[in-house]
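Encoded as structure tokens, the structure appears first; notes follow it.
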There are 2 protein chains.
Amino acid sequence: MIENQPKKPSKSDRTRAQILEAARLLFAEHGYDGASIRDVAAHASIDPAMVIRYFRSKDELFARAAVVDLQLPALRVIDRTTIGETLIRRFLEIWEGPASGPGMAILLRSATSNEFAAEKLRDVFGNQVRPVVAAVADPAADADRRAGLVSSQLLGLAMCRYLLRLPPVVALSHDEIIQNVGPTLQRYVVGEDVS
Amino acid sequence: MIENQPKKPSKSDRTRAQILEAARLLFAEHGYDGASIRDVAAHASIDPAMVIRYFRSKDELFARAAVVDLQLPALRVIDRTTIGETLIRRFLEIWEGPASGPGMAILLRSATSNEFAAEKLRDVFGNQVRPVVAAVADPAADADRRAGLVSSQLLGLAMCRYLLRLPPVVALSHDEIIQNVGPTLQRYVVGEDVS
DNA sequence: TCCATTTGTCAACGACTGTTGACTTTCTAA
DNA sequence: TTAGAAAGTCAACAGTCGTTGACAAATGGA
């Protein structure tokens, strides 16, 4: 009899959720170093010591905050000619839609100076992006290379548009992104490739 | 009679250069926050106070270390069908060749959590990448958008290959990068575009 | 009501940070 | 040789950081 979720949403659960929400917001905006535990506590209207009580350390808080589930669609079932478009559409949903949290922003903001975040980001690539691309890559041996190229374009777009906020990339409409980046991803995934 | 370079390479000049070299190395590897003045001083085998004496503050030291000159080739004179290839070749030289310093790595490593680095990176885009693309973009009005797309791909590739060190992207050979990313850049710069 | 557990408050710790000023050593020009 | 500038050393400052432990308040079941 394993009961993972005892029915009472005790008071501590709410506090715990508040801390986590504040942490996700501040980590996404200022990165691991830039968001102090005191900042998180202030943003959650709570004492800094409570942050440590609920999450044992800043590292563990960051680990809890930096969870990412891209929920990428299976590419096998859709039309083979619209793979690139499907990918970039899902990408825009993840970043700008309300459902997906700031998980990717959290990782990307800290990955350049925090080895844990970098490793986590490599994990997201290996366990979420790569399998989806591998399922449709023509010679299976090319799967890694194709997935890597896809990641480089998507990650660069995210950097320019959401983190660096490069004006001309911010100005791009959804349709412009889909019609320009879609074909790139399409070629990276199923295009004829170099040996 | 303006003499910008008095002939004597005084002792202080050498020390100054040592500090700057150590700073560029550490900033490129650990970012602005991750590289302390004490680290830089230790790496240059001098006292931390000297770093402040020669450069007035850490911010100023970082500003001096984060200078970038891409020396992008003028795209007008070359064959219009090899623009993408030319760009990606130059990109690889900048990152892996011995001539260009770690300037781009310094900026990219800190741009996600340091507003000065972010602004400087946007400057590099606006003053070095954009003009080169604008010179050949077909409707001049598209120049910004095209330059932005080019930047997103190049910046993403740099992130994955040199900072994040994503294994399949690190494993790519120069030829593979040229033959895969080249066409992408070609289309971004001179391909038919969406309104 | 009473007591034990939970939840929250407060002050402080040691470590690290950028930066400063007083001091000594070294070099250079007269 | 000597005075003055340049170069380098050292200890300490004020601030921030993550983290801790002692203590008070609130809560909830018996």
Side-chain angles (χ1 to χ4, degrees), chain A residues 3 5-27 29-66 106 109-110 113-117, chain B residues 3 5-27 29-66 106 109-110 113-117:
Chain A
E3 31 181 344
Q5 292 145 354
K7 44 239 130 187
K8 57 163 181 178
S10 57
K11 174 142 187 236
S12 72
D13 290 342
R14 253 192 303 121
T15 308
R16 198 181 174 84
Q18 283 176 21
I19 297 173
L20 197 58
E21 192 186 6
R24 285 170 70 82
L25 192 83
L26 293 180
F27 280 144
E29 200 146 344
H30 303 110
Y32 180 88
D33 290 320
S36 71
I37 284 192
R38 284 173 170 85
D39 291 338
V40 172
H43 216 269
S45 306
I46 217 178
D47 193 273
M50 298 301 292
V51 178
I52 297 292
R53 235 230 249 285
Y54 280 86
F55 306 82
R56 300 163 37 94
S57 67
K58 185 182 183 181
D59 287 321
E60 202 158 316
L61 173 63
F62 184 79
R64 297 276 178 186
I106 294 173
R109 184 78 77 179
S110 300
S113 55
N114 182 293
E115 188 50 36
F116 174 84
Chain B
E3 31 180 344
Q5 292 144 355
K7 44 239 129 179
K8 57 165 182 178
S10 58
K11 175 141 187 231
S12 73
D13 291 343
R14 254 193 300 121
T15 307
R16 201 181 172 83
Q18 282 176 23
I19 297 174
L20 197 58
E21 191 187 6
R24 284 170 71 83
L25 193 84
L26 294 179
F27 280 144
E29 200 147 345
H30 304 111
Y32 180 87
D33 290 321
S36 71
I37 284 193
R38 283 173 170 85
D39 291 338
V40 172
H43 216 270
S45 309
I46 58 155
D47 193 274
M50 298 302 291
V51 177
I52 297 292
R53 233 229 254 282
Y54 279 87
F55 307 82
R56 298 163 38 95
S57 67
K58 185 181 183 181
D59 287 321
E60 203 159 316
L61 172 62
F62 185 79
R64 297 278 178 184
I106 294 172
R109 185 77 79 179
S110 300
S113 56
N114 181 291
E115 188 49 37
F116 173 83

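Numbers restart at 1 for each chain; the letters A, B, ... are given by sequence-line order, proteins then strands.
To the nearest 0.5 Å, atom CZ of residue A:R64 and atom CG of residue A:L20 are 9.0 Å apart. We find the CZ-CD distance between A:R109 and A:E29 to be 7.0 Å, quoted to the nearest 0.5 Å. Separation of atoms CZ (B:F27) and NZ (B:K58) is listed at 5.5 Å; rounding is to 0.5 Å.
Here the P atom of nucleotide C:dT17 and the CG atom of A:D33 are 11 Å apart, to the nearest Å. Across the protein-nucleic acid pair, A:F62 atom CZ and D:dG18 atom P stand 13 Å apart, rounded to whole Å. Between A:R16 atom CZ and C:dT6 atom P there is a gap of 14 Å when expressed in whole angstrom units. Distance A:E60 CD to D:dT19 C1': 14 Å, rounded to the nearest Å. Distance A:Y54 OH to D:dT20 C1': 17 Å, rounded to the nearest Å. A straight line from CG of A:N114 to P of D:dG18 spans 13 Å, rounded to a whole angstrom. Note: CG (A:D39) to C1' (D:dG18) measures 13 Å, nearest angstrom.
In terms of position on DNA chain C, the residue among A:R38 and A:I46 whose nearest nucleotide sits closer to the 5' end is A:I46. Projected onto DNA chain D by closest heavy-atom contact, A:G34 and A:R56 fall at different nucleotides, the more 5' of which corresponds to A:G34. The nearest heavy atom of DNA chain D to A:A35 and to A:R53 marks one nucleotide each, and the one closer to the 5' end goes with A:A35.
Of the candidates D:dC10, D:dG21, D:dG8, D:dC10 carries the atom nearest the B:D47 side chain, counting heavy atoms from C-beta on. Each of C:dG21, D:dT19, C:dG18 was ranked by its minimum atom distance to the side chain of B:S36; first place goes to C:dG18. Proximity note for A:M50 (side chain, C-beta onward) versus D:dG8, C:dT9, C:dT19: the nearest is C:dT9. For B:A49, taking side-chain heavy atoms from C-beta onward, the closest of the listed nucleotides D:dT19, D:dC10, C:dC10 is D:dC10.
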Take A:L25 and A:V40 through the test side-chain contact (heavy atoms from CB on, under 4.5 Å) and record every step on the way to the result.
CA-CA 9 Å; A:L25 192 83; A:V40 172; over 6 Å; no

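Side-chain nitrogen and oxygen atoms of B:T15 include at least one within less than 4.0 Å of the OP1 or OP2 phosphate oxygen of D:dG8.
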